[in-house]
Amino acid sequence: KMAALGRVPPWRRGWQPVVQQLRWGSKAVTRHWKAMHFQRQKLMAVTEYIAPRPLVPPSCLPRKREPQEREDSGYIRLLQRQVEEIFRDNRMVAVCQNNWMPQEDVAMMRFYLRKHNIEVKFVLNEIVRPVLSQSKYKNLLPLFVARNILLVSPEIKAKEMLRVLRGVPQVNLLGACIDDTILSRRGVENFAKLPSLETTQSQTVGALALLPSQTSSLLQCSPAHLTALLDRHIQQLQDGETGTAAPAQSSGDQ
Amino acid sequence: PAGPSGVTVPRAGLKKLIHPPDYSGIVFPERPKLKIMERMPAVPKVQREPRRLRDIRGPSKTATDFIQGQYGILALGGGYLRWGHFEMIRLTIGRNMDPKEMFAIWRVPAPFKPVTRKSLGHRMGGGKGPIDHYVTPVKSGCLLVELGGRCEFEQVKPFLLQVARKLPFQAIPVSKDGLQRLREEEEEKKLNNQNPWTFERIATANMLGMRRYLSPYDLHYHGKYWGKFFLKHRV
């Protein structure tokens, strides 16, 4: 080619192979990391993975709470049945907040409450909540949050219960359901101040019996009045006889 | 949940009783432990073979999925396994596994490829050296060992990791679910890549004459393989 510097026809120009870089260097597969050609490095840099970026970062969105799939084991069903039984069999159900108490104090409290036939039940919120939401006691749901215990009894002895609870500062009464009526803490206190059922019954009976007791006196009122007048009159006559006979006769005619 | 003041009082709920795992469909092979791999094949080769490093390059076509076991060691790079590696794997796994509850099987053949070595201290020339040892070529994506039985991945992972670190190429312990998740993640990455320029696109269309600097194998490998290495972060 150098010999003919002027115009050289193409079939005389010669042909150089394009693949010149394989003349030296290592093979394709090496034990070490083979240095990439710069163009290839640029290609690798350009074609890197770019992760998708949402407009709102996921940390700003509310966290999706996975729906808790709970297989209803027999144990859970048993506990739920027990809770239903509690609400069915007992007339008074009081919900109290239970803070930590030493075991001996717990035992003493239970003993004193047992004397008044009040039982202390420890229930788990995650069992009580579904049971209540499906029964008629839906309005008791807000009470079953955090630690609590149930004081249940077939009789209603609010005064004794409050007295025991006043002696235990760690247990605070939140609310009660007495005879299917929901009462707040103040309502329970007022309820306790009410006189007992027997006294109220006797009072109502007395109030009702008041009128009939008066009927006999009402009926006998006019003849009694007449007899009193006649008595007075007889007395006056007797007093008048000692005076003159004519004025007594005239008063007798009248 | 935190109340209005933001303070939570921790309390215990009902214990969630989980069912124990079901190992009913597991079939144990005759010998639970890994069999001894021989140093050289029964009939040693006479003809010396060319180096053929392409058996290291690229993705594996054999032993990519699980057959019998649930957990295994996945090779993330290419390389040669020698008899020493085999013994190390066999002894480590045999020492750490419980033959009554677990079993292990080889997914790679015994060394069959002859590798020649010239004697030390001699100049170049004089022909090809004699056969020194035999190796098994391994490509990336190949499962080396499979483990199965009445065991969990957490039990098996520590010693599989111990083995994987000692291998001449990158390797990780995987379970069946883990492998599937890896593949799914790869597919997802391919789909939600925001970069409009991909290696595959540029190589197949020979944009900017890139094929001058790429190998014809790069049309299949799409920039994920370079020599014997597997580039995990590439898409």
Side-chain angles (χ1 to χ4, degrees), chain A residues 17-22 25-54 63 65 68-80 97-100 122-130 142 145-149, chain B residues 1 3 7-19 51-58 78-80 137 168-169 186 188-203 207-218 222-229 231 233-235:
Chain A
V18 176
V19 189
Q20 299 238 7
Q21 52 258 44
L22 285 187
S26 40
K27 299 197 167 133
V29 181
T30 50
R31 309 291 162 133
H32 60 271
W33 174 268
K34 190 167 150 187
M36 285 187 192
H37 194 280
F38 190 59
Q39 289 281 48
R40 199 197 157 108
Q41 279 181 44
K42 286 198 276 191
L43 175 65
M44 300 290 264
V46 161
T47 54
E48 264 169 12
Y49 171 68
I50 298 177
R53 265 184 79 182
R63 199 163 59 152
R65 287 270 167 88
Q68 281 174 5
E69 296 161 20
R70 225 242 312 259
E71 294 161 25
D72 248 356
S73 71
Y75 185 51
I76 293 175
R77 266 180 273 137
L78 171 76
L79 291 171
Q80 283 176 344
Q97 184 213 14
N98 167 39
N99 296 310
W100 179 83
F122 294 88
V123 285
L124 284 172
N125 287 346
E126 58 187 75
I127 291 160
V128 177
R129 289 189 136 248
V145 167
R147 306 176 63 111
N148 47 35
I149 49 173
Chain B
V7 182
T8 37
V9 178
R11 49 178 288 278
L14 199 63
K15 179 163 176 155
K16 288 187 190 95
L17 300 159
I18 329 163
H19 294 289
R51 213 149 300 190
R52 269 195 227 111
L53 290 166
R54 55 182 176 271
D55 51 16
I56 306 287
R57 197 181 191 186
Y80 286 130
F169 39 81
E186 220 181 281
E188 244 186 73
K189 266 179 102 169
K190 236 200 285 193
L191 286 172
N192 65 19
N193 188 9
Q194 299 300 301
N195 196 349
W197 305 110
T198 50
F199 192 102
E200 186 187 339
R201 187 180 162 196
I202 295 177
M207 294 186 182
L208 294 175
M210 264 302 133
R211 281 189 65 177
R212 193 183 137 85
Y213 311 102
L214 303 177
S215 155
Y217 287 95
D218 287 314
H222 305 318
K224 289 223 274 273
Y225 299 90
W226 176 240
K228 68 170 189 169
F229 302 100
L231 309 168
H233 48 274
R234 296 283 313 172
V235 156

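Letters go in sequence order (proteins before strands), and every chain restarts at 1.
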Do you know which of B:L53, B:L231, B:V235 has the most heavy-atom pairs under 4.5 Å to chain A?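 The residue among B:L53, B:L231, B:V235 with the greatest pair count is B:L53.
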Who among B:K228, B:R51, B:K189 has the most heavy-atom pairs with chain A under 4.5 Å?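 Sorted descending by pairs with chain A, the first entry is B:K189.
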With respect to chain B, which residue among A:A28, A:A51, A:P52 yields the maximal number of heavy-atom pairs within a distance under 4.5 Å?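 The residue among A:A28, A:A51, A:P52 with the greatest pair count is A:P52.
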Counting heavy-atom pairs closer than 4.5 Å to chain B, which one of A:L79, A:V145, A:V46, A:L43 comes out on top?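 Between A:L79, A:V145, A:V46, A:L43, the count favours A:L43.
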Going by an N to O cut-off under 4.0 Å, is there a salt bridge joining B:D218 and B:R211?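 Salt bridge flag = no for B:R211 with B:D218.
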Qualifying residues under side-chain contact (heavy atoms from CB on, under 4.5 Å), relative to A:P54, sequence neighbours excluded: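 Result, side-chain contact (heavy atoms from CB on, under 4.5 Å) vs A:P54: A:P58.
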Ignoring hydrogens and angles, tell me if any N or O in the side chain of [X] forms a donor-acceptor pair with the backbone of [Y] under 3.5 Å.
| X | Y | result |
| --- | --- | --- |
| A:E126 | A:L124 | no |
| B:W226 | A:K34 | yes |
| A:Q41 | A:M36 | yes |

Give, as side chain, backbone, both or neither, the part of A:F38 having an atom under 4.5 angstrom from any heavy atom of chain B.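 Neither; nothing under 4.5 Å.
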Select one option (side chain, backbone, both, neither) describing which atoms of B:H19 are under 4.5 Å from chain A's heavy atoms.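 For B:H19, the contact with chain A is made by the side chain alone.
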Side chain / backbone / both / neither for B:Y80 at chain A, heavy atoms under 4.5 Å: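 Contact with chain A involves the side chain of B:Y80 alone.
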Could you tell me the separation between the CZ atom of B:F229 and the CZ atom of B:F169, rounded to the nearest 0.5 Å?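 B:F229 atom CZ to B:F169 atom CZ measures 12.5 Å (nearest 0.5 Å).
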